[in-house]
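Just below is one structure, and these are the notes that go with it.
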Amino acid sequence: MKFQNKYLKLLLFMPLRLCTKRIRLFTQHYQKLNRHRLIKVLFLASLVICLFFGQLVSAQTPNVTALVEQGIKNYNTGDFWNAIKNWQEALNQDKNNPSVMAVVNENLARAYQKTGENKAAIASFSAAIHDYNTVNNIQQVGRMKSELAQVYSSLGQPRKAIALLCGKLVDKSKSSENQPIQAEKCTPESAEQIATKYNDKRGHVAALGILGEAYRLIGSYDQAIKYLDTAQQVSPESKILVFNSLGNAYKSRGQLRELQADSAKKAGIFSRENEFTKKSQEDYDKAYQYFQDSIKFARNEKQPLAEIRGLLNFIQLASQANKSKFINDEEFNTALKDALKVLEALPDSATKVYGAIDLAYLQHDAKGSSPFTYCPTHLVLYGDNQALNLLENSVLTSKKLQDNRLISFSNGALGHFWECSPDNEKALKNEKALKYTQAAIIAADSKLSAKDSLYLWEWQAGRILDEQKRNEEAIASYQRAFDTLEDIRQDILTAERDVQFDFRDVVRPLYRTLAQSRLDLLGVGAIADEGRAKELSKVVNTIDALKLAELQNYFGNDCILSGLNPKQVGELLEDNSVAFKNTGFLSSIILDGKTGILLQLPNQATKFKWIEDPNQQGDKVVSSDTLQKKIAEFRTGLVKREEINYDTTIASQLYDWIIRPFAEDIKPEKVKTLVFIQDGFLRSIPMAALYDSKLNKYLVETYAVATTPSLRLNTPKLRDRSTQKALILGLTKEATIDGKTFEQLFAVPDEVSAVESIFPNHTPLIDDNFLAESFQQTLDKTTYPIIHIASHAQFGIIPEDTFIVTGKNQKLTISQLENSLRNLNSKSDSVELLTLTACETAVGDDRATLGLAGVALQVGVKSAIASLWSVTDQSTSELVKTFYTNYRNTGMSIAEALQTAQIRMIHAKKLPPSEGVNTMYDHPAYWAPMVAIGNWL
């Protein structure tokens, strides 16, 4: 359950309290000096023991002392807002004393955390760091950085946390399974190095522990485990603090290895599947042991907060099928009873609230994703109103704590319970659901204290309003959810690699629900009315945002969006530049039960149509399931190329469904190029091979065809190609990677020779000379606008399975390729075109084609030519020769150069023998899989 991962993470900082004994010692010492007077400040301890770093203040400010002490009393009674009020007044009265400001800002930060005001907490911790620097208390600077890092990490911004704790990220691309990541030394000003310099063991453990958690959140599980193990070595007594984190790190790595096993299975690499399955089980078993140990240590130390965290983590692991062979029903039931008992005895706290929500939504065979995006069907505690009682108590507790974040989640969770309740009184159920959901929205929206939950509750409200047939209100709610998620999407999609498990459950359905609601409201057909056209424009923006989010999620970082055009798609199409002249853009959106196509032309209103079958009786809308089956059938017929004389029946049917409805708008005299922005399973097929049965022509014979994930990722521009240099990489030998054999590519020598003749200024790296290291070294010396790779390239369902096969049975991973190209010094010399031949994409998962479509964009390349599946290297070589000749010599656009090369092969039987083109190559299996991606000019 993602709730546990996000909101019940191990807090290395224990409950905050006053260190009166240390205050007295400092007071006695400075009374002897008879020079200063110590303010008795509230020091809110960050670890198991008190850490006191109070500062001296002038005796001329007695009122400040009174305000600080009153704030202490307020805080200790749970009156956090009055504590904040008194401490803010203390700051206002003594703005020129950094000693006072440091400790008061420190206390303010923690009080703001208690009220869920994380933005204010960040500001106060930052101010405290500045003030402690001013008075040269560097050790305390380190500790404040650790606490600030904890806030960032809890808000889903682990990279900011790592910057404070260590100063830089460890590069995952430099590691491999046989050569694990080596810890890099942190920068001198980082929290970890400050603690090391001052021999601050507890500060060091805190920094290492939070660093481990932050690396876990970005998917660097090996690095997370390394830091957490180091924390134990620094201070063995800290085990109680890190066992939960270690358990979560091993559990997360187990989930990743499970996904890798699935990827290997789909790729047919069964040895790798078994290897990852075994490693996954080993990780789950280690997680099991660490959670068990954390529970035992917490009980021995009488630490109920640590115990409940261990119990909840253990229960979550046990509730997911096959996660540990050691967990049986008796263990699970005992842990559940213990958790309920410990939870009931806990004082009111955030842990108590989140723990109650977690237990209420505990499921058998949990999906591992957020329970608030669907209705759970197997709640463990559903009987006897146990789940309902837990949720109602969490609402009461959150109100007592005056924490907007807690109030938001507890009300939202209770609202979701009623939304999913099978209560026969539908109206009453929806009324309750909406009541609590709206309370959650109000609390989340209060100073945006829980923005990462706001989109969940707005989305939930939209679903409830939909159920009540309040369609326009529902759309407004969906839109607010979308807008909020767009603001924080970068942090959510890049914070956790685990988030790949719930992206389909969170981002994609929300965006598609919003798009479908607007389209259903607008109706079917062309949009003429200006108001309706604006609504359709919002649909376009929603779809575009979904495509960008999918890319960002697939690669697990925001590099893909670094060059994103700030203009929306509609604004770009108002541009009268050559980039959009004579070009049409067809976007697809797969929705619940049906699929829509949008046509956009420069300076014209967007048009929309559902995919329909004119020959179908009754409702002519083609269901998404039917379309997917037809697409799969189309692709299979091409890949297998079983018939010499190609049967165009399915290609014609798809043409009639997708292209023909817009025939009057894209007449060839007006539109020369079609750029497709595809969704889901539609990405896996070459649109160039659709067949117009009326003209007896393939689509590419009428239009140049290209594809892009989003128009906002491109800056189309026709460039001078007369003096371009080319880096030519090739593999001719058979290779074995991860137990999978890639066959010898016999035509690569001819292909390389042809490319060399077209680009006289070139550098070849062939076979054993083609390695990741030599590739990097070559690029370090010279930048090449053209990079041609004649080798096998595999695009898996996860980036870890995306690589190019190099010499010596090695591989160039997507991360290595990205780093090599991003290290180029001059942006003006960046790579214009990357060509990949003999590609393979994973079968059965449309995410695989994200690797194909995104690889060029991910590494900063403007355009790419790549194949949707591996075809005979002879035909690919023939196609590439013609493409490059057109690209280099005629001033054609990239799309037109590819179009001309493909048409030449379509007409293979008509060409004279002197052309040397195999007549079999007229079959679309040979020419269609090559696609132009990105900049089509």
Side-chain angles (χ1 to χ4, degrees), residues 579 582-586 638 668 671-678 683 685-691 697-709 714 716-719 721 724 726 751 754-755 758-759 785-790 793 831-839 849 852-853 855-857 861-908 911 915 917 921-937:
N582 300 323
T583 304
F585 303 90
L586 285 164
L638 290 174
V671 176
K672 305 297 182 184
T673 301
L674 288 179
V675 178
F676 289 88
I677 307 168
Q678 300 288 45
R683 300 189 192 104
I685 60 166
M687 304 305 288
L690 299 187
Y691 194 76
K697 285 184 177 181
Y698 290 104
L699 182 69
V700 74
E701 294 182 81
T702 306
Y703 307 97
V705 176
T707 184
T708 182
N714 298 288
K717 188 176 181 181
L718 192 61
R719 300 173 186 272
R721 303 163 183 166
Q724 287 182 335
E751 182 178 327
V755 178
I758 296 169
F759 296 95
I786 304 295
I787 296 180
H788 180 89
I789 304 177
V831 180
E832 296 287 341
L833 176 64
L834 173 67
T835 300
L836 294 167
T837 60
C839 301
T849 50
L852 182 61
V855 62
L857 299 167
V861 176
K862 295 177 176 60
S863 307
I865 299 292
S867 59
L868 286 170
W869 59 81
S870 183
V871 295
T872 61
D873 55 337
Q874 292 90 347
S875 62
T876 301
S877 177
E878 185 66 39
L879 183 69
V880 165
K881 291 176 194 175
T882 310
F883 165 73
Y884 275 132
T885 301
N886 296 330
Y887 170 83
R888 184 68 185 272
N889 299 329
T890 64
M892 291 182 181
S893 72
I894 290 172
E896 289 169 341
L898 180 61
Q899 176 193 27
T900 304
Q902 290 174 319
I903 290 175
R904 181 170 177 264
M905 294 181 74
I906 292 170
H907 297 158
L911 296 175
E915 289 285 327
V917 179
Y921 292 169
D922 67 341
H923 193 297
Y926 295 101
W927 54 261
M930 295 299 289
V931 294
I933 303 165
N935 175 19
W936 56 90
L937 290 184

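As the structure is a prediction and not an experimental result, all values here were calculated from the model.
Here the closest heavy-atom approach between residue Ala908 and residue Asp922 is recorded as CB-N, 4.2 Å.
For the atom pair CZ (Arg683) and CG (Leu868), the distance works out to 12.0 Å, reported to the nearest 0.5 Å. Residue Ile789 holds its CD1 atom at 8.5 Å from OG1 of Thr835, rounded to the nearest 0.5 Å. Distance NZ/Lys881 to CG/Leu879: 11.0 Å, rounded to 0.5 Å.
Residues His788 and Glu751 have side chains in contact (heavy-atom distance under 4.5 Å, counting atoms from C-beta outward). Pro686 is listed as a side-chain neighbour of Trp869, based on a closest heavy-atom distance under 4.5 Å.
Residues passing the side-chain hydrogen bond (donor to acceptor under 3.5 Å, both in side chains) test with Asn886, sequence neighbours excluded: none. Remark: Gln874 pairs with no residue by the side-chain hydrogen bond (donor to acceptor under 3.5 Å, both in side chains) rule, at least two apart or across chains. For Phe759, the ring-ring contact (aromatic ring centres under 6.0 Å, His included) partners are Tyr884, not counting sequence neighbours. For Thr673, the side chain to side chain contact (heavy atoms under 4.5 Å, CB included) test picks out Thr583, Val675, Ala704, Ala895, Trp936, with sequence neighbours left out. Residues that satisfy the side-chain hydrogen bond (donor to acceptor under 3.5 Å, both in side chains) test with Thr882, not counting sequence neighbours, are Arg904. In this structure Tyr698 satisfies the ring-ring contact (aromatic ring centres under 6.0 Å, His included) test together with Tyr691, Trp927, sequence neighbours excluded. For the side chain to side chain contact (heavy atoms under 4.5 Å, CB included) test, residues two or more places apart in sequence or in another chain that qualify with Ser875 are Val871, Thr872, Met905, Tyr921, Tyr926.
Under the salt bridge (charged side-chain N to carboxylate O under 4.0 Å, His left out) criterion, no residue pair touches residues 697-707, with sequence neighbours excluded.
Although no hydrogens or angles enter the test, the distance criterion places no donor-acceptor pair under 3.5 Å between the side chain of Gln678 and the main chain of Ile685.
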